[in-house]
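Notes follow once the structure below has been shown.
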Amino acid sequence: MDRPTAFALVDCNNFYASCERAFDPSLRGRPVVVLSNNDGCIIARSDEAKALGIEMGTPYYQVKGKLKAHGVVVFSSNYALYGDLSNRVMGTLAYAAPAVETYSIDEAFLGLDCTQADPQFARSVQRLVGQWTHIPVSIGIAPTKTLSKVANRFAKRRKRCRGVFRLPEEELDAWLDRVEVRDIWGIGPAYTRLLHKNRVYTAKQLRELDDRWVRRHMTIVGLRTVWELRGISCIPLDRAKAAKANIMCSRSFGEPVTEKADLREAVATFASRVAEKLRAQQSVAGALYVFVTTKRFGPGPHYRNHATVTLPVPTAYTPTLVREALRGLDGIWKAGIRYKKAGVMVQDVTPAAQVQGDLFASAGQAQDASLMAVMDAVNATYGRGTLALASTGTKRKDWHRKEGHRSPRYTTRWDELAEVRA
DNA sequence: TCTGGGGTCCTAGGACCC
DNA sequence: TCTGGGGTCCTAGGACCC
């Protein structure tokens, strides 16, 4: 179904909170919130928690007392659980509908033909997901993806819709008049400011804007949004999820890190996690990026420093990625700084199949190695030059051209500690 | 004291080549 | 002496998403 006649956006309600609830029915009807990494801030709220006026993204410490006073059940996040339940929801959707695009951990677009573009069908999907996964979902139906997002908002907010809403094409103007521009998919804070400055406040006004003006000030992306609001589908259903072009693993630290050994351990962990993700999508990376930052809030100075390391050979081999990440870290680490966050990102990611030789096979061998074993290997080889790697033989077309950019062997770049605007 | 962790796409401008 | 233009690749930065 390349050209569906309509789209449905299926969105899990309060997903993380619903996941916790799916496993503990006694939580039904009670306010639930889920916290981010390090229990830093609130990233999910059940309806009951929302009703108490608890805002998304609020730092936990600011509302701790309030949560306690209202008997709110608080969870640290459990991404393994959420990922698992997400897979079950998506699996159910794939069973129920012919064309599914998994858009995020808690959202999917369905491509609908003319027999399915009605609330009846959506209701049956909603029921099935509820029965099979215990996750409540809302479904918005409309002629384009952007409008299905709008429809989904109404599905969620209008109680009598019970989570299903089809945007009536005949009355589009009247409905879009009630949608603020900031609530449109694709319109963020910067475009909201720009549009307000030009006295555009609603989706209806946005879709009446002149194409040339939109193109000039909001790029082609903004123009697509405007056309989609007019009911012209510009963003197709994308059923195959593409391999990631960048893969990152980063964390904020609960306590500031000042010891180099601690930072090395963290960066080694991030690099090995990245290597796992890389292998999971059958890819190898050509470069990696390491960064460290101080805290972002409160009085300065705030610093961010980073290094890019071009790998001699694209690889997904854990010890190599860990070693190179540590090499990058060594270039940017400075004593006497309280680091609050660090991360590793691999770039220039290509399918492993494009690189001949046994690079990928050898990567697999490291897959089950414990982090300690990896660290041992790293420590054994670190600073002694290269770890023995498979041949560089390759038939990749653009490889030889790119090869020119890869000399000398390590094109490591690191910047002086840069002050970040507070 | 305490503030998430991922990603994508587009554009402008400079380097370089012919 | 005068003085080109088209094309590609790369990078940084800005916008957005969940």
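Only heavy atoms go into these numbers, but all of them, side chains included; no hydrogens, no water, no symmetry mates. Every chain is numbered from 1, with letters handed out A, B, ... down the list of sequences.
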For [X], answer base if it contacts any base atom (sugar-phosphate contacts may also be present), sugar-phosphate if it contacts only those atoms, and nothing otherwise; contact means non-hydrogen atoms under 4.0 Å.
| X | result |
| --- | --- |
| A/Y103 | sugar-phosphate |
| A/L35 | nothing |
| A/D39 | nothing |
| A/I105 | nothing |

Per the ring-ring contact (aromatic ring centres under 6.0 Å, His included) rule, what does the pair list look like for [range], sequence neighbours excluded?
| range | answer |
| --- | --- |
| residues 232-251 of chain A | none |
| residues 57-78 of chain A | none |
| residues 218-271 of chain A | none |

Exercise. Answer yes or no: is there an ion pair linking A/E265 with A/K260, defined by an N-O contact shorter than 4.0 Å?
Key: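 Looking at A/K260 together with A/E265, the answer is no, because their closest N to O distance does not fall below 4.0 Å.
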Quiz item: Say you pick atom P in C/dC18 and the same atom in B/dT3; how far apart are they, in whole Å?
Solution: 25 Å
Quiz item: Which residues, if any, of residues 190-216 of chain A bring a heavy atom under 4.0 Å of DNA chain B?
Solution: A/R215
Self-check item: Qualifying residues under side chain to side chain donor-acceptor pair (under 3.5 Å), relative to A/R251, sequence neighbours excluded
Solution: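 In terms of side chain to side chain donor-acceptor pair (under 3.5 Å), with neighbours along the sequence ignored, A/R251 is linked to no residue.
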Quiz prompt | For A/N14, side chain to side chain donor-acceptor pair (under 3.5 Å) partners two or more places apart | solution =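 For A/N14, the residues satisfying side chain to side chain donor-acceptor pair (under 3.5 Å) (neighbours in sequence not counted) are A/D47, A/K50.
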Quiz prompt | Modelled atom types, side-chain donor and acceptor of A/D39 and A/S76, under 3.5 Å | solution = yes
Exercise. Would you kindly compare A/I43 and A/I247 by the position of their nearest DNA chain B nucleotide and give the one closer to the 5′ end?
Key: A/I43
Output all residues satisfying side chain to side chain contact (heavy atoms under 4.5 Å, CB included) with [X], sequence neighbours left out; order by chain, then residue number.
| X | answer |
| --- | --- |
| A/E48 | A/R21, A/P31, A/S46 |
| A/P119 | A/V164, A/R166 |
| A/N87 | none |

Quiz prompt | Residue-level proximity of residues 47-71 of chain A to DNA chain C when a heavy atom falls under 4.0 Å | solution = none
4.5 Å side-chain heavy-atom contact, [X] and [Y]:
| X | Y | value |
| --- | --- | --- |
| A/R215 | A/W213 | no |
| A/R338 | A/K295 | no |
| A/L172 | A/R207 | yes |

Exercise. Using the heavy-atom set of chain A and a strict 4.0 Å cut-off, write down the first and last nucleotide of DNA chain B that makes it in, 5' to 3'.
Key: B/dC2 to B/dT11
Quiz item: For DNA chain C, what string of dots and brackets results from 5' to 3' when Watson-Crick and G-U pairs need both distances under 3.5 Å, crossing pairs get [ ], and pairs with another strand get |?
Solution: ....||||||||||||||
